[in-house]
Each structure stands twice: as C-alpha cells, then as structure tokens.
Amino acid sequence: MPSEGRCWETLKALRSSDKGRLCYYRDWLLRREDVLEECMSLPKLSSYSGWVVEHVLPHMQENQPLSETSPSSTSASALDQPSFVPKSPDASSAFSPASPATPNGTKGKDESQHTESMVLQSSRGIKVEGCVRMYELVHRMKGTEGLRLWQEEQERKVQALSEMASEQLKRFDEWKELKQHKEFQDLREVMEKSSREALGHQEKLKAEHRHRAKILNLKLREAEQQRVKQAEQERLRKEEGQIRLRALYALQEEMLQLSQQLDASEQHKALLKVDLAAFQTRGNQLCSLISGIIRASSESSYPTAESQAEAERALREMRDLLMNLGQEITRACEDKRRQDEEEAQVKLQEAQMQQGPEAHKEPPAPSQGPGGKQNEDLQVKVQDITMQWYQQLQDASMQCVLTFEGLTNSKDSQAKKIKMDLQKAATIPVSQISTIAGSKLKEIFDKIHSLLSGKPVQSGGRSVSVTLNPQGLDFVQYKLAEKFKQGEEEVASHHEAAFPIAVVASGIWELHPRVGDLILAHLHKKCPYSVPFYPTFKEGMALEDYQRMLGYQVKDSKVEQQDNFLKRMSGMIRLYAAIIQLRWPYGNRQEIHPHGLNHGWRWLAQILNMEPLSDVTATLLFDFLEVCGNALMKQYQVQFWKMLILIKEDYFPRIEAITSSGQMGSFIRLKQFLEKCLQHKDIPVPKGFLTSSFWRS
C-alpha cells in the first residue's frame, strides 16, 4: 500500500498547487458573461468552511507530528473539500486525537483511513452533482412545457382575433355593397334624366326638319308613334319597377323593425313556455328572404310583381309571428299575475286562519275586488263635491266632442283637409316639447297660443287657422288637451320631461281656461286616481268595462300588464304634480294659478282619507311627493310635516296590510323616501326642475 499512499500525496500536492486551485465548470459556455464576472470577483469561502475550521483543522494539528504529510497539503485538502462531513464513527476516527498508536506503528492505518475518507468524499460529490444535473434537467423540462403551453395559448388568441377580423370584414363588405348600390341607383336616375332631355332635344330637331321630308312624313309619323309608344311603355315599366323597389325597401325596413321587437322580447324568456329561439330563427329567415329578393331584383334591373308579392307575404308572416309571440307573452304574464294573486289570496287566508274567528268578521279591503265593504275609519267613495266636479268636467268634454262632430264626420275633401291640418298644427308643437332651451320652449308656446287665438300659423309648409271652420276652435282645443295628456308616455319613460310639458300646459291653461278643463277631463278619465276616485263595480257590468274604468288598457279582451299600468299611472300623476306647481314665467304674475298647489293639498288629503289600494296607492304617493313635495313643504310648512308623520304612523300600516309579498317594491320605495325626508327635515328639489338658468339659455 505504500505506492497508493504516495499517489494520494501526489494528488494532494497537485491540488494545492496554483493550477489545482482553479475552478473548472463543464457548463461554463452556458453562463456566458458570468464567466468573466466570476474571474474578476473576489474569492468566497464555502458554506462548509466553518465546519472545517471547527472539526478538521484541530485534528490535523494534533496529528501533524505523527504524519509524514506536509502541513500545507493537509490544510489545502481539508479546505478544498467542504462537502466532506463525517457520517459514521469509522469516518470520524481518522481525525480523532484519542488514537493511542505510535507514529511508526500506525502509519499504514492512518493512510488507509485517509484513503477511505477520500473515497467517501468523492462518491458524495458525485451524488450531489448528479442531483444538481437532475434538478437542472427537470427545471429545463418545466420551462419547455410552459413555453409550449404559452405558444398554444397565443396561437388560439391569434386564431380568435383572425375570425373576428374576418367577420368585421364581411360586415364592411356588405356596407360597401349597399353604398355602391345606392350610388349606382343615383347614377342610373341621372342617366335617365339626361336621356329624357336628349329625347326632347331630338323631338325639336325633328320638328324643324319635318317640312323637308313631306314625302316621308307618313312613314316617319308612324315610326315616331311606334317609338313614343315603346318609350312610354318603357318609362311606365321603369316607374313601376322603381315603385316596387321603394316598396321593397319599405318592407325591408318594417321587417327589420319587427325583428328588433322580436329580439326585445328576450326579457320575457323566463315567463314563456315556448321556445323563443324558434321565433327568432324564423324571423331571421324572413329577413334573409326579403334581403335575397332585393338583391335578386337589383341584379335584374327592377323587381317584378311576384317578388313584391312574395316580400309582402313574408312581412305578413313576420307580423303574425310577432303577434303570436305577443299573445304568448301576454298569456304568460297573465298566468303569472293570476298565480301571484292566488298565492296572495292563500297567504291572506292563512293569516286570517291564524288570527282566529274574529278575523273572518272583518270586511275586505277595496283592493279585493268589486263588492267589498268600506273600513270603519276610512272611506272608499270620494266626496260628493269632488264627484260633482269630476262629472262636470266629463260632461264638458263630451259636449266639446259633440260640438265638432260635424267636422270629424264630414266626407267633404276640403273639410277633411282642414281637419288634418288643424290636428297637425295642434299636436306637432306639443310633441316637440322636451328638456330643450327656454327660448325654443317659448317659440312652441307662442305658436300654440297664436293658434288658439285665431291667428294663422305655419304647419307643414301651409298657413293654418281655426277660423277656416266654425268648429275649428273646439276641435283644436280638444286635440291639444288630449295631446298634453298623452305626455304621460314621455314622462313615464323620462321623469324630467314632466316639467317642460307642465309649464307649457300651465301657461296655456292660464290664457285659455277651457283647454285646462279639457286636460283635467282627459286626465281623470284615463287615471281616475288623479281625482282621486275609485270606480265601483256595478251589477251587470262587464269585467272589461270595469277594468277600463280603473285605467287599464284592454285590447282584444287582453288586459295590459300590471307594470305597464303602474308606469302609465305614474307618468300621469307626475305630470299633474308638475302642472299644479309651475307657472309660465312670461305670464301675468298678479293672477293666481288656475289650478295651483291648493288642489295638490286637496288631492293628498282626500287620498289619505280613502282606503289604500294594493300597489297603486304607494306608487302614486311616492311619485306625487317626489315631484310636488318640495313645493308643498314650502307652501304649508308645519302642516305638511304633520301630514307626512300621519302617513308614516297611520297610513303605512294600512298599505302594508293589503300589500302582498310580491308587490312590496313600491311600498318600500315610498317608506324609504319618507323616512329619509323626515330624518333630514327636508324634501329635495325634483330632478329636472326648471331653474332660472334654463330660461336664460
């Protein structure tokens, strides 16, 4: 074994040399710029340096007299092997100072122990390096897999964007094709016009040279007649084709509008028992059919009568489709409403059963239907003086209708034309009222006032006046009042629209009181709760007539949905609440309002003296107080706050008692609004209220 010991000594000597201390890495090429950086950096101690100083060096110093190995080689070997950590007593015995052997007798034993430790150290280094390489391989595989997944995700996104771009390109091509078609149509009309002008010029030339061809006059006349006949036939054919083409475009436009209505029925999908997709699919097929007919007609110059008839059949089918869908929606809503009523009735019966036998003796609320008895504290019928006032307004409205009956039933074409012009002159300005500038609103008011005053006004490019017919003024007053009442449709959708309509109506009312009475008559007839008045069910009365008296719209024995009914009633009450608090700013301020806040106070007091109706009373009270509450607060101050406290303490329990769980939305909205106002001791100015800055615009 001496030769082996010298071999290890040689290796130690080489390891402790200058070149032996250099670090070599197999993967140095992968490190790139880090190689030079490491060469220029200061040397660092290994993480095992502390362990070597504490365990290895003391043993080597103690064994130095007994060993033939040089101190420099031993120290270098120990410092250069930081991974050597003894794992067993045999391995640690090589550095143990307690060995009793002499230097001469134990030299072979020390060399064998040292050799074993080096072998162990070498195997552990190989194992660690293998683990490192395995970790690098696994990390590289994970990175490769992540890169592959990322590339696939990017490819999918690129594919989706490509498809979307393709669809957008198709839409652009369709739009471009339509534009080209319109330009081609305009060019064709220009060419036809120039052709007709050239034809006229040719006729003049023939007339100038007709005297030079007396011999051929007969033949030329026959040829000219034939040519004119053919040209007339061609012109008629083209005109008919253009008429058919315009009719096809009109049919397509109506078809697209019906298709939009069909798509708008998506909100009722949860109520329908039929497949809504089938209706939409058929609607799309009919739209595509008309588009194909128009495209084919464009390619063949003009559409034929068969094409137009086919398009009309498709439109009729679309109308029938939409009508059937509407019937399904109405039926489904009616079933749901009936189911809700049945559930409410069952809950009411259960509540009565829980209250005991005394609950069965109480009379039903007015909202339970016709035939119910009134409560002991509150009344159901309106006061007699209010009922007389209501009846007088209705009689005045009927008398006005009878006054201009001759104009409406006249078969004379001139009278019909006058009636149509007067109706347009009365209704179109009201339709133009919106939240526009104050100067524009004043123009509309002046035009209506001039018409009612008998002055001529411009309408549709013609001069119109009520003096054209003896019954013209009555007709205009009635139609104008009816149009003001129809403003509830705009108000129901846009609450801010109540104020510009109301201020114009108030100004006209002040100058023309009969128009104001007719506005009230229309309002009371369509919304009896604005009186307030609860119509009673009379024996022998048809249910549909009673529903109409309550304000519901009944078409083909089908009653409108509760939501639509409440929306219309809300619009009319908001319009009424805006009228009673607004005055025309350019009128006579010394005169009182023809229908002011005192009528609003009367309405509020009377409706609180009547039994509430489920869902209706809460909705109307909220709308009225939100629009008119601020004005009433400023006018009546303490008395108004007392009335609000009365509503909260006495009237809320009555409303809550008759309101089912499915109709609590309007009650909760009213309750929260009132509690907030009482908490802050203030009612906010309604949104959209006309300020002084509006009239300066």
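We're numbering straight along the sequence, starting at 1.
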- Query: Salt bridge between Glu174 and Lys170, side-chain N to carboxylate O under 4.0 Å?
  - Reply: no
- Query: Any donor and acceptor pair, going by atom type alone, linking the side chain of Arg282 with main-chain N or O of Glu317 inside 3.5 Å?
  - Reply: no
- Any sub-3.5 Å donor-acceptor pair from Gln553's side-chain atoms to Glu560's backbone N or O? no
- Thr304 versus Ser307, side-chain donor and acceptor atoms under 3.5 Å: yes
- Query: With no hydrogens and no angle check, is any side-chain donor or acceptor of Ser506 less than 3.5 Å from a backbone partner on Leu582?
  - Reply: yes
- Run the salt-bridge test on Asp545 and Arg548 with the 4.0 Å N-O cut-off and return the result as yes or no. yes
- Task: Keeping the roles fixed (side chain from Lys447, backbone from Gln458), state whether a donor-acceptor pair exists under 3.5 Å.
- Result: yes
- Ring geometry between Tyr249 and His181 (parallel below 30°, tilted from 30 to 60°, perpendicular above 60°): perpendicular
- For residues Ala396 and Leu518, report the shortest heavy-atom separation together with the two atoms involved. O-CD2, 4.5 Å
- Message: With side chain to side chain contact (heavy atoms under 4.5 Å, CB included) as the test, pick out the partner of Lys229 among Glu232, Gln225, Gln233.
- Response: Gln233
- Looking only at heavy atoms, what is the nearest atom pair of Pro585 and Val503, with distance? CD-CG2, 4.1 Å
- Message: Check this for me: does any side-chain nitrogen of one of Glu224 and Arg227 sit under 4.0 Å from a carboxylate oxygen of the other?
- Response: yes
- Message: With a 4.5 Å cut-off on side-chain heavy atoms, are Cys527 and Arg568 touching?
- Response: no
- Parallel, tilted or perpendicular: rings of Tyr529 and Phe565 (30°, 60°): perpendicular
- Query: Rounded to the nearest 0.5 Å, how far does CE of Met318 lie from CG of Leu286?
  - Reply: 6.0 Å
- Would you confirm whether Ser450, through its side chain, and Asp446, through its main-chain N or O, come within 3.5 Å as a donor-acceptor pair? yes
- Nearest heavy-atom pair of Phe499 and Gly688: which atoms, and what distance? CD1-O, 3.4 Å
- Gap between atom CG of Leu321 and atom CZ of Arg316 - 0.5 Å precision: 14.5 Å
- What are the two closest heavy atoms between Phe445 and Gly507, and how far apart are they? CE1-C, 3.5 Å
- Message: Is it the case that the side chain of Ser166 and the backbone of Ser162 share a donor-acceptor pair, with hydrogens and angles ignored and the cut-off at 3.5 Å?
- Response: no
- Which pairs pass salt bridge (Lys or Arg N to Asp or Glu O under 4.0 Å) with one or both residues in residues 147-158, sequence neighbours excluded? Glu145-Arg148, Arg148-Glu152, Glu153-Arg156
- Message: Give me the atom names and distance for the closest heavy-atom approach of Gly551 to Met569.
- Response: O-CE, 3.8 Å
- Query: Side chains of Glu405 and Gln471: does their closest heavy-atom pair fall under 4.5 Å?
  - Reply: no
- Could you grab the distance from atom CZ of Arg188 to atom CD of Gln185, nearest 0.5 Å is fine? 6.0 Å
- Task: Would you give the length of the straight line joining atom CG of Asp615 to atom CG of Asp563, rounded to the nearest 0.5 angstrom?
- Result: 8.0 Å
- Salt-bridge test for Lys206 and Glu203: reply yes if a basic N is under 4.0 Å from a carboxylate O, no otherwise. no
- Quick one: list whatever passes side chain to side chain donor-acceptor pair (under 3.5 Å) with Thr467, sequence neighbours left out. Ser465
- Quick check: does any side chain N or O of Gln581 sit under 3.5 Å from a backbone N or O of Ala577, one acting as donor and the other as acceptor? yes
- Can you see which heavy atom on Thr403 is nearest to which on Gln399, and at what distance? OG1-O, 2.7 Å
- Check the side chains of Tyr552 and Gln562 for a donor-acceptor pair under 3.5 angstrom, ignoring hydrogens and angles. yes
- Task: Report yes if the side chains of Gln230 and Gln226 come closer than 4.5 Å at any heavy-atom pair, otherwise no.
- Result: yes
Donor-acceptor list for residues 410-419 side chains, cut-off 3.5 Å, not counting sequence neighbours:
unit_1: Ser410; atom_1: OG; unit_2: Asp412; atom_2: N; d: 3.3
unit_1: Asp412; atom_1: OD2; unit_2: Ala415; atom_2: N; d: 3.4

- Message: Let me confirm one number: the CD1-CZ distance from Ile501 to Arg574, rounded to the nearest 0.5 Å.
- Response: 13.0 Å
- Message: Any non-hydrogen side-chain atom of Glu167 less than 4.5 Å from a side-chain atom of Arg171?
- Response: yes
- Query: For Leu187, does the CG atom sit with more than 12 other heavy atoms under 6.0 Å from it, leaving out its own atoms?
  - Reply: yes
- Message: Whether the side chain of Gln308 engages the backbone of Leu248 through a donor-acceptor N/O pair (distance < 3.5 Å, no angle test) should be reported.
- Response: no
- Is there side-chain contact between Tyr576 and Leu520, with heavy atoms separated by less than 4.5 Å? yes
- Given side chains that start at C-beta, do those of Ile243 and Glu240 come closer than 4.5 Å, heavy atoms only? no
- Message: To the nearest 0.5 Å, what is the distance between CD on Glu482 and NZ on Lys525?
- Response: 9.0 Å
- Message: Under a 3.5 Å distance rule, please check whether Ser397 uses its side chain to pair with a backbone N or O of Leu393 as donor and acceptor.
- Response: no
- Query: Is there a side-chain contact between Leu289 and Met255 (heavy atoms, below 4.5 Å)?
  - Reply: no
- Looking at side-chain heavy atoms only, is the closest gap between Leu452 and Val466 below 4.5 Å? no
